[in-house]
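I have placed the structure first, in the form of structure tokens, so that the comments after it can refer back to it.
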There are 2 protein chains.
Amino acid sequence: MNIGEVAKSSSVSTKMIRHYESIGLIRTSPRTLSGYRQYHDRDVHLLRFIRRARDLGFSLEQIRQLVSLWDDPERASADVKRLAQSHIADLDQRIAALTDMRDTLVTLATSCQGDHRPDCPILHGLAAAS
Amino acid sequence: MNIGEVAKSSSVSTKMIRHYESIGLIRTSPRTLSGYRQYHDRDVHLLRFIRRARDLGFSLEQIRQLVSLWDDPERASADVKRLAQSHIADLDQRIAALTDMRDTLVTLATSCQGDHRPDCPILHGLAAAS
DNA sequence: CTTGACCCTCCCATGATAGGAAGGTTAAAG
DNA sequence: CTTTAACCTTCCTATCATGGGAGGGTCAAG
């Protein structure tokens, strides 16, 4: 399988596949005589795994850990769970921060007439010393 | 006022102040004979405004628009409100996406024993074709 | 044998921020 | 007056994940 086909069936771009190889997230693939990378189904599975983890907001560093756990038949599920839970805590924090932002903005926006007049509480709100 | 003092009272680092100048977000400041940037209270206000907007998740491009509205005594508050509301919609989307991620992870994590055994539903979940 | 769709490597860009090197300036303290 | 410490300057580099493009080689079908 050439890289383009793998890209299609894993939803990871060729750019990214080569990049993941270059940073050691996936192994270097064998090449044809002319230098084309050759892949197998196994590689598609791994890339799908990576893609899915990215979609769930894991960083490549976290994914690196997940992959090594995935590869390791001896790992304890507790290790995986720990990683997942720390990521959940991370997500909770980011959600809370965004929600705070949103609420502040909504408050400012609802107090704004939104008409042709230049006076706007949003700008006052932003200008206020925090 | 030198740049360091401005940085302290606006909570924007000297690095960032120079950067904002270089990308044209703030005007180039006058200099002393020896080349030191000189600032006034007005500049501190503007930087605080920028800082606060950053804290609310506005991008520098959005802030560029906000600043030009702030500077313009003729602007309509409707313009500002429109900007704020589009940003709120943006935040809502990001919050929803993160919440989805979180929920998926929580589901996976609760179904994981988290013990010494190697079998882990989290990894199965990640490996499943999306 | 040409054409078009692949593939290769290498460099550059994004957005927001930070770190550091190498060197000039200022103010206070000796 | 000189030393010293805390400032300031510019310029280069890095981060993280991704994408764009140039310039060139390869492969399969018409």
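The sequence lines fix the lettering, A, B, ..., with proteins before strands; numbering per chain opens at 1. Model, not experiment: these values are computed from the prediction. Just the heavy atoms: all of them, side chains too, but no hydrogens, waters or symmetry mates, feed the values below.
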Calculate the interatomic distance between Ile63(B) atom CD1 and dA16(C) atom C1'; express it in whole Å. 10 Å
Round to a whole Å and report the spacing from CZ of Arg18(B) to P of dG19(C). 13 Å
Output the single nucleotide from dC7(C), dT17(C), dT18(D) whose closest atom is nearest the side chain of Tyr20(A). dT18(D)
Shortest non-hydrogen contact from Arg51(A) to Val12(A)? CB-CG2, 3.8 Å
Once you round it to whole Å, what is the distance between P of dC8(D) and CE of Met1(B)? 12 Å
So does Glu21(A) pair up with Arg37(A), basic N to acidic O under 4.0 Å? yes
Taking atom C1' of dA16(C) as reference, at what distance in whole Å does atom CD1 of Ile50(B) sit? 13 Å
Does the pair Lys8(A)/Glu5(A) count as a salt bridge with the N-to-O cut at 4.0 Å? no
Between Arg37(A) and dT9(C), does any side-chain N or O lie under 4.0 Å from OP1 or OP2? yes
For dT25(C), does OP1 or OP2 lie under 4.0 Å from any side-chain N or O of Thr32(B)? no
Distance in angstrom units between Leu25(B) CG and dT17(C) C1', rounded: 14 Å
On DNA chain C, compare the nucleotides closest to Ile3(A) and Ser59(B); which residue's is nearer the 5' end? Ile3(A)
side-chain N/O Arg54(B) vs dT17(C) OP1/OP2, d < 4.0 Å: yes
Checking dT17(C), dT26(C), dT10(D) against the side chain of Arg31(B) (C-beta onward), the nearest is dT10(D)
Consider the side chain of Lys15(B), meaning its heavy atoms from C-beta on, and name the nucleotide among dC8(C), dC8(D), dG20(C) that approaches it most closely. dG20(C)
What's the NE2-P distance between His19(A) and dA13(C), to the nearest Å? 17 Å
Would you kindly give the CG-to-P distance between Leu56(A) and dA17(D), to the nearest whole Å? 15 Å
For the side chain of Tyr36(B), counting heavy atoms from C-beta on, which of dA17(D), dC7(D), dG25(D) is nearest? dC7(D)
Give a yes or no on whether a salt bridge exists between Arg82(B) and Asp79(B), defined as a side-chain N under 4.0 angstrom from a carboxylate O. yes
Whole angstroms only, please: what is the CD-P distance between Glu5(A) and dA5(C)? 17 Å
Among the nucleotides dG19(D), dC6(C), dC8(D), which one has an atom lying closest to any side-chain atom of Ser13(A)? dG19(D)
Take Phe58(A) and His87(A) through the test side chain to side chain contact (heavy atoms under 4.5 Å, CB included) and record every step on the way to the result. CA-CA 7 Å; Phe58(A) 285 95; His87(A) 188 49; 3.6 Å; yes
